[in-house]
Protein chains: 2
Amino acid sequence: METAGSTRMTYPYDVFDDRCPTRMMLDRLADKWALLVLDRLDGGPVRFNRLRRDVRGISQKVLSQTLKRLERDGLVDRTVHPTVPVSVEYALTPLGRTLTETVAAFAHWAEHNMEAVLTAQAAYDAAAAG
Amino acid sequence: METAGSTRMTYPYDVFDDRCPTRMMLDRLADKWALLVLDRLDGGPVRFNRLRRDVRGISQKVLSQTLKRLERDGLVDRTVHPTVPVSVEYALTPLGRTLTETVAAFAHWAEHNMEAVLTAQAAYDAAAAG
DNA sequence: CAGCATCCGCTCGGATACTG
DNA sequence: CAGTATCCGAGCGGATGCTG
């Protein structure tokens, strides 16, 4: 409970305020790749190339960037195993684990309501055309 | 019903497959502005300029685009009131309402765990610098 | 009030090549 | 295997001006 350094008092965080740090956080989480990686890590530690293969469509560069950001944010833990060749495991931190339930909820929502969305899109497009 | 790990093969849809429609859906939802708009609409119907003011930092163009996409996806309903001048209300559809709980969970997570994230970032940066 | 049209900078992200 | 480095095209999104 240090008061020195970054003195942010019991200041009410608000995502609707564009100057609030939570807005930046939302920007980070509102990322397709980050969500997929977090969701994939929910099953347990995963190695880099395995992650690359499982999250289909992600490039090596973007996966690397995404993991680095998640690690910096304290959501993901990076462990290097000194084997030959080196293997690196990525896992959720306790903090990251507090988030995956919400992330999974998103993925499940998409999977469960895809039909309804596709139907709505078709209806919208038909109305616009006719 | 596999025993090891969490399996999710109940539905044909799979967000990890880049050719699956849900991937497109995730891409839509994984948008800062869309999430904020949906969260704001959770309180009830809101007019355009009110939305523009409340979701701080959003531009008129982006708000317009976002609302149109959400409407097309069947998540938001657009109602024009023939007053002078015209007023337009945006509200969640029943489908959209099934999503807001998850969206709100995201916002709340950010607001509750911001301190931890900022601390993690500071530690990461300090380690990188030293 | 609630938009659309246009210009354009800037970042995201894909492709490719190389390293420990 | 697990990355880093670089190039570069596409598009997101901000600023501005105009309309019913």
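Each chain gets a letter, A, B and so on, in the order its sequence line appears, and its residues count up from 1.
Residues from residues 55-74 of chain A that place a heavy atom under 4.0 Å from any atom of DNA chain D, listed by number: A/Gln60, A/Lys61, A/Ser64, A/Lys68.
Looking at heavy-atom distances under 4.0 Å, A/Arg50 makes no contact with the nucleic acid at all. Within the 4.0 angstrom heavy-atom criterion, no nucleotide atom of any strand lies near A/Arg52.
Remark: of the listed residues A/His108, A/His112, A/Glu115, A/Glu115 is the sole one forming a side chain to side chain donor-acceptor pair (under 3.5 Å) with B/Tyr13.
When DNA chain C is scanned 5' to 3' for any atom under 4.0 Å from a heavy atom of chain B, the first and last hits are C/dC1 to C/dC7.
Computed from coordinates, the A/Asn49 CG to D/dT4 P distance equals 13 Å when rounded to whole Å. Nucleotide D/dT19 holds its C1' atom 14 Å from the CZ atom of B/Phe48, rounded to whole Å. Between A/His81 atom NE2 and D/dA2 atom P there is a gap of 10 Å when expressed in whole angstrom units.
Side-chain contact between A/Trp109 and B/Glu101 is absent, with no heavy atoms from C-beta onward closer than 4.5 Å. A/Met25 is listed as a side-chain neighbour of A/Asp73, based on a closest heavy-atom distance under 4.5 Å.
Closest of all the heavy-atom pairs between A/Leu41 and A/Tyr90 is CD2-O, 3.3 Å. Here the closest non-hydrogen pair linking A/Thr93 and A/Val76 is CG2-C, 3.6 Å.
Of the possible donor and acceptor atoms, one in the side chain of A/Glu111 sits under 3.5 Å from a partner among the backbone N and O of B/Val15.
We find that B/Asp27 and A/Lys32 are joined by a salt bridge, their nearest charged nitrogen and carboxylate oxygen being less than 4.0 Å apart. A salt bridge links A/Arg50 with A/Asp54: the closest approach of a Lys/Arg side-chain nitrogen to an acidic carboxylate oxygen falls below 4.0 angstrom.
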